[in-house]
Amino acid sequence: MIIDLHCHSTASDGSLSPVDLVRRAEAQGVELLAITDHDVIDGYLAVQEGSSALQLVSGVELSCCWGKTAIHVLGLRFDPANPVLVAGLQAQQQARVERAQMIAGRLAKKGFDGTYQGACRIAAGSQLGRPHFARFLLEQGHVSSIAQAFKRYLGAGKIGDVKQVWPELAEVLGWVAAAGGAAVLAHPLHYKMTATKLRALIADFKEAGGQGLEVISGKQSKDRTTYLAHLCERFELQASCGSDFHQPGMTWSELGNTGRLPSTCQPVWADWV
Ligand code: MN
Ligand code: MN
Ligand code: MN
């Protein structure tokens with residue numbers, strides 16, 4: 001069975017509409033899919049029926065922080081109407097809007113007006129971020145390239161580099177639990193932590209109610225899979241897998257290209273199919 005429990009649509013930073021995403025997943029032979037847009041479930045809500053060949057479960061990739069590190073948690077197979085979860089998602093959106101307005105305010109001090117409205121227009125319903133500001137600055141002729149927009153105004157340490165503040169890990173795990181979902185620590189090796197620090201994160205994650213680790217994230221080496229499967233065993237956590245697909249053409253993150261979990265793993269989806 002081909003399973004993909006991590007991918008993005010145009011509701012966040014993916015390039016395919018939810019409908020096209022599900023179509024592509026079907027064409028790739030995916031039989032169980034979760035659309036996990038960043039902090040929104042609109043993509044999932046648009047296609048929640050799935051199809052006869054493809055079972056769709058609700059999903060979201062929640063941004064949060066653990067100490068000073070930004071962490072991503074996948075919420076899976078929750079009740080999308082749960083008021084605690086819905087309020088949490090609204091707060092995430094509000095946090096993004098406030099950050100974007102702060103970026104715009106700072107750019108205004110440099111004499112660039114209308115960047116918030118401009119960036120919103122360019123984002124066209126997807127989640128507003130610095131790339132949209134960069135494209136607006138380029139469109140208005142303030143910079144000669146996207147790279148220059150980041151180098152001068154939006155990159156690390158520049159005036160438009162406003163840090164996004166996210167809720168604590170335990171708080172977002174609480175939203176997923178309230179909605180009856182499973183919480184999975186997304187791509188544990190992407191945070192570039194030492195092994196000791198990663199184990200501390202996983203211990204806290206489990207303590208706060210987390211259920212599983214994303215053992216497979218896109219195309220990855222067997223070593224990584226084995227290592228993460230071992231961590232699942234050690235912490236008595238379930239395992240998940242996903243492509244983290246954002247757009248076609250990226251061979252390391254194609255829908256359904258998730259390989260097989262090691263036999264020692266307890267799949268998070270065991271009771272879902
Ligand atoms: Mn993304
Ligand atoms: Mn992520
Ligand atoms: Mn992702």
Side-chain angles (χ1 to χ4, degrees), residues 3-18 20-22 24-25 28 30 32-44 56-66 68-78 89 92-93 95-96 99-100 122-135 146 150 164 166-167 169 172-173 175-176 181-193 198 201-202 205 210 212-220 224 228 239-259 268:
I3 288 148
D4 194 334
L5 299 177
H6 188 163
C7 64
H8 297 267
S9 77
T10 46
S12 62
D13 58 350
S15 73
L16 298 185
S17 70
D20 288 342
L21 185 67
V22 171
R24 189 181 181 91
Q28 292 290 128
V30 175
L32 179 65
L33 180 76
I35 299 176
T36 54
D37 280 306
H38 296 284
D39 305 299
V40 287
I41 56 172
D42 306 50
Y44 161 72
L56 193 67
V57 292
S58 57
V60 67
E61 183 169 16
L62 296 164
S63 304
C64 59
C65 60
W66 180 69
K68 284 185 178 146
T69 312
I71 298 290
H72 287 172
V73 169
L74 299 168
L76 298 170
R77 205 173 181 250
F78 47 78
L89 295 176
Q92 299 287 80
Q93 288 319 298
R96 280 183 197 275
R99 172 182 180 242
I122 288 168
S126 68
Q127 278 164 338
L128 202 52
R130 280 180 294 171
H132 304 113
F133 283 94
R135 278 166 61 190
I146 296 290
F150 275 89
Q164 180 79 65
W166 295 119
L169 174 67
V172 305
L173 287 174
W175 304 341
V176 177
V184 166
L185 182 65
H187 41 62
L189 298 180
H190 286 206
Y191 309 116
K192 302 200 174 1
M193 292 176 177
L198 181 59
L201 165 63
I202 294 170
F205 172 78
L213 303 182
E214 193 173 46
V215 166
I216 297 177
S217 174
K219 204 172 172 193
Q220 68 184 26
R224 290 186 148 217
L228 289 168
S240 186
C241 66
S243 61
D244 208 358
F245 175 89
H246 281 71
Q247 64 198 87
M250 308 289 165
T251 49
W252 63 89
S253 66
E254 181 53 79
L255 284 164
N257 190 6
T258 51
V268 68

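Because only heavy atoms are used, hydrogens play no part in the values below, and waters and symmetry mates are left out as well, while side chains stay in. Indexing begins at 1, ligand by ligand and atom by atom, following the structure's order.
- For the pair V30/T258, no side-chain contact is recorded, criterion being any heavy-atom separation below 4.5 Å from C-beta on.
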- Message: Please determine whether side-chain hydrogen bond (donor to acceptor under 3.5 Å, both in side chains) holds for the pair E61 and H187, giving the CA-CA distance in whole Å, both sets of side-chain angles, and the decisive distance to 0.1 Å.
- Response: CA-CA 11 Å; E61 183 169 16; H187 41 62; 3.3 Å; yes

- Task: Take Q127 and Q92, measure what side-chain contact (heavy atoms from CB on, under 4.5 Å) needs, and give me the verdict at the end.
- Result: CA-CA 11 Å; Q127 278 164 338; Q92 299 287 80; over 6 Å; no

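- Residues satisfying the side chain to side chain donor-acceptor pair (under 3.5 Å) test with H190, not counting sequence neighbours, are none.
- Taking both residues in full, the closest heavy atoms of W166 and A95 are given as CZ3-CB, 4.3 Å, listed atom of the first, atom of the second, then distance.
- Two residues are said to be in side-chain contact when any heavy atoms from C-beta on lie closer than 4.5 Å; H72 and S63 meet this criterion.
- The minimum distance between the Mn ion (ligand 1) and any N, O or S atom of D13 involves atom OD2.
- Within the protein, the N, O or S atoms lying under 2.8 Å from the Mn ion (ligand 3) are H6 NE2, H8 NE2, E61 OE1, D244 OD1.
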